[in-house]
Enquirer: 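Below are the structure tokens for one structure; questions will follow.
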Amino acid sequence: MRLYISQAMLTIVRISKKIKREFHLIWLFQRFVTQASNLEEIIDLFDKKFVIINDTNPTLGLTPPLHFIFSDSSGQSLIIEPRQDGLSIIKDSIGVMTNSPDYQWHETNLRNYLSFTPNQKESIELLGKILKPFSQGSGTFGFPGDFTPPSRFVRTAYLKNYAEKPSNELAAITLCHHILESVSIPKGIVITEHGASDFTCYSAYMCSETLSYYFSTYGNQRIRKISLSESLKNEKEFKNFPIVNEEDILELN
């Protein structure tokens, strides 16, 4: 998974020698990374195999600031962020990552929200009156609801921590979908400085135990699945899976 982090200076990954086409570059990077069997081997790859340089993406015309999050079947995660003083490798993250600022800033910022809880606030007496919370959800009153990266990080961390733990893979995918929808951006809600609409193109969920990739797109919220089968592992060329990006509504009558 790759996300933008605007303060980063070193970004593009080059493997052993320069390759002109960025598509081939990303493919090579993915091929190397998938050879790792655990997170320690990922660290070793970044230490010994990858050289991260400040170079311009010819397609975008800029240097895309990228950082990475990895996880394995143990449930542990690893965050790697290119910084001005080199790579920052974070082994003890909470397993949540978003855009800028850097991860450590976001984790520190969580301390501003220690009072939030899924439990109801108790009634209080104020100037001779008993004041009761409105309906349900008073434990999250004032929770950040905007679409800035810090607020999205807080919402995701809160939901990951307090949501009922799933009992199986299907329940886990359902929960992941709900969590990511809480930070999904519809078209027109966030407009960039260039006048473009910044929105959530797709959401993806991966299970490292069954080697399954789930995703939904902006135009079609139905969750689709691709399994890393033995035949797919043995593919020598790129494999395309056509998708329908329009809602396939289930009509009941």
Enquirer: Would you call Phe241 and Ile226 a side-chain contact if the rule is heavy atoms closer than 4.5 Å?
Expert: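 Yes, their side chains come closer than 4.5 Å.
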Enquirer: Do Met97 and Tyr113 share a hydrophobic cluster (ILVMFWY, side-chain heavy atoms under 4.5 Å, transitive)?
Expert: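 Met97 clusters together with Tyr113.
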Enquirer: Taking the side chain as C-beta and beyond, is there a heavy-atom pair between Ile243 and Asn220 under 4.5 Å?
Expert: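 No, every pair of side-chain atoms sits at 4.5 Å or beyond.
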Enquirer: Determine, step by step, whether Tyr103 and Ser93 satisfy the side-chain contact (heavy atoms from CB on, under 4.5 Å) criterion, reporting the C-alpha distance in whole Å, the side-chain angles of both residues, the deciding distance to 0.1 Å, and the verdict.
Expert: CA-CA 8 Å; Tyr103 171 80; Ser93 75; 3.4 Å; yes
Enquirer: Verify, without hydrogens or angle tests, whether Glu81 (side chain) and Gln104 (backbone) share a donor-acceptor contact under 3.5 angstrom.
Expert: no
Enquirer: Same cluster or not: are Leu175 and Tyr205 linked, directly or through other Ile, Leu, Val, Met, Phe, Trp or Tyr residues, by side-chain heavy atoms under 4.5 angstrom apart?
Expert: no
Enquirer: What residue among Ile90, Ile42, Asn38 forms side-chain contact (heavy atoms from CB on, under 4.5 Å) with Leu78?
Expert: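 Going through the options one by one, the only one that passes is Ile42.
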Enquirer: Do you know the tightest heavy-atom contact between Val190 and Ile185?
Expert: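 That would be CG2-CG2, 3.7 Å.
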Enquirer: Just by distance, do the side chain of Ser197 and the backbone of Ile191 share a donor-acceptor pair under 3.5 Å?
Expert: no
Enquirer: Any heavy-atom pair between the side chains of Phe141 and Lys121 that's under 4.5 Å?
Expert: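 Heavy-atom side-chain distance check fails, nothing below 4.5 Å.
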Enquirer: Any idea which heavy atoms bring Gly95 and Ser77 closest together, and the distance?
Expert: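 Where Gly95 meets Ser77 most closely, the heavy atoms are CA-OG, 3.4 Å.
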Enquirer: Any donor-acceptor pair under 3.5 Å linking the side chain of Lys132 with the backbone of Ile130?
Expert: no
Enquirer: Tyr218: which residues meet the ring-ring contact (aromatic ring centres under 6.0 Å, His included) condition with it, sequence neighbours left out?
Expert: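 ring-ring contact (aromatic ring centres under 6.0 Å, His included) check on Tyr218 returns Phe199.
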Enquirer: Assess the residue pair Phe68 and Ile79 against the criterion (side-chain contact (heavy atoms from CB on, under 4.5 Å)); give the C-alpha distance rounded to whole Å, side-chain angles, the decisive distance to 0.1 Å, and a yes or no.
Expert: CA-CA 6 Å; Phe68 309 85; Ile79 290 177; over 6 Å; no
Enquirer: Where is the tightest heavy-atom contact between Ser203 and Leu180, given as atom of each residue plus distance?
Expert: CB-CD1, 4.0 Å
Enquirer: Same cluster or not: Ile173 versus Val96, using hydrophobic residues (I, L, V, M, F, W, Y) connected whenever any side-chain heavy atoms lie under 4.5 Å apart?
Expert: no
Enquirer: Give me the atom names and distance for the closest heavy-atom approach of Ser229 to Ser231.
Expert: OG-OG, 3.1 Å
Enquirer: Say you draw a straight line from CD1 of Ile189 to NZ of Lys187; how long is it, rounded to the nearest 0.5 Å?
Expert: 12.5 Å
Enquirer: Could you tell me if Ser216 and Gln221 have a donor-acceptor pair between their side chains, going purely by distance under 3.5 Å?
Expert: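 Side chains of Gln221 and Ser216: no pair found under 3.5 Å.
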Enquirer: Any luck finding a side-chain donor-acceptor pair between Arg222 and Thr217 under 3.5 Å?
Expert: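 No donor-acceptor contact under 3.5 Å links the two side chains.
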Enquirer: Determine whether Glu235 and Leu232 make a side-chain contact, defined as any pair of heavy atoms from C-beta on separated by less than 4.5 Å.
Expert: yes
Enquirer: Distance alone, cut at 3.5 Å: any donor-acceptor contact between the side chains of Ser212 and Thr210?
Expert: yes
Enquirer: Report yes or no: do Glu169 and Tyr214 form a side-chain donor-acceptor pair below 3.5 Å?
Expert: yes
Enquirer: Quick check on the hydrophobic clustering: are Leu39 and Leu87 connected, directly or via other members, by side-chain heavy-atom contacts under 4.5 Å?
Expert: yes
Enquirer: Evaluate His67 against Ile80 for side-chain contact (heavy atoms from CB on, under 4.5 Å), listing each step before the verdict.
Expert: CA-CA 6 Å; His67 56 179; Ile80 297 179; over 6 Å; no
Enquirer: Search all heavy atoms of Gly219 against all heavy atoms of Asn245 and return the closest pair with its distance.
Expert: N-OD1, 3.2 Å
Enquirer: Are the side chain of Lys160 and the backbone of Ile94 linked by a donor-acceptor contact shorter than 3.5 Å?
Expert: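 Yes; at least one donor-acceptor contact below 3.5 Å.
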Enquirer: Does the side chain of Thr192 pick up a donor-acceptor pair with the side chain of Asp198 at under 3.5 Å?
Expert: no
Enquirer: By the rule that ILVMFWY residues connect when side-chain heavy atoms come within less than 4.5 angstrom, directly or transitively, which residues belong alongside Leu252?
Expert: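 Noted: Leu252 shares its cluster with Leu250.
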Enquirer: List, one per line, each side-chain donor-acceptor pair under 3.5 Å for residues 143-154, sequence neighbours excluded.
Expert:
{"from": "Asp146", "atom 1": "OD1", "to": "Thr148", "atom 2": "N", "distance (Å)": "2.9"}
{"from": "Asp146", "atom 1": "OD1", "to": "Thr148", "atom 2": "OG1", "distance (Å)": "2.4"}
{"from": "Asp146", "atom 1": "OD1", "to": "Ser151", "atom 2": "OG", "distance (Å)": "2.9"}
{"from": "Asp146", "atom 1": "OD2", "to": "Ser151", "atom 2": "OG", "distance (Å)": "2.8"}
{"from": "Thr148", "atom 1": "OG1", "to": "Ser151", "atom 2": "OG", "distance (Å)": "3.3"}
{"from": "Arg152", "atom 1": "NE", "to": "Phe147", "atom 2": "O", "distance (Å)": "3.0"}
{"from": "Arg152", "atom 1": "NH1", "to": "Thr98", "atom 2": "OG1", "distance (Å)": "3.4"}
{"from": "Arg152", "atom 1": "NH2", "to": "Asn99", "atom 2": "OD1", "distance (Å)": "3.2"}

Enquirer: Output yes when a side-chain donor or acceptor of Glu41 lies under 3.5 Å from a complementary backbone atom of Ser37, and no otherwise.
Expert: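 Yes, the answer is positive, given that a donor and an acceptor are paired below the 3.5 Å cut-off.
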Enquirer: Parallel, tilted or perpendicular for Tyr162 and Tyr158, by the 30°/60° rule?
Expert: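 Tilted: the ring planes of Tyr162 and Tyr158 meet at 30° to 60°.
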Enquirer: So do the side chains of Lys91 and Glu40 get within less than 4.5 Å of each other, counting heavy atoms only?
Expert: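 Of all side-chain heavy-atom pairs linking Glu40 with Lys91, at least one is under 4.5 Å.
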Enquirer: Would you say Ser123 and Leu131 make side-chain contact, with heavy atoms under 4.5 Å?
Expert: no
Enquirer: What pair of heavy atoms forms the shortest contact from Leu159 to Ser182, and how long is it?
Expert: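 For Leu159 and Ser182, the tightest heavy-atom pair comes out as CD1-OG, 3.3 Å.
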Enquirer: Around Lys129, counting heavy atoms of other residues, nucleotides and ligands shown, do more than 12 lie under 6.0 Å from its NZ?
Expert: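 For Lys129, atom NZ is not crowded (no more than 12 foreign heavy atoms under 6.0 Å).
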Enquirer: Below 30° counts as parallel, above 60° as perpendicular, anything between as tilted: where do the rings of Phe215 and Tyr213 land?
Expert: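 Judged by the thresholds at 30° and 60°, the geometry between Phe215 and Tyr213 is tilted.
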Enquirer: Crowded around Gln120 CD? As in, over 12 foreign heavy atoms under 6.0 Å?
Expert: yes
Enquirer: Any side-chain to backbone donor/acceptor pair from His106 onto Pro101? Under 3.5 Å, distance only.
Expert: yes
Enquirer: Taking the side chain as C-beta and beyond, is there a heavy-atom pair between Gln76 and Ser71 under 4.5 Å?
Expert: no
Enquirer: Roughly how far apart are Asp92 CG and Ile89 CD1, rounded to 0.5 Å?
Expert: 12.5 Å
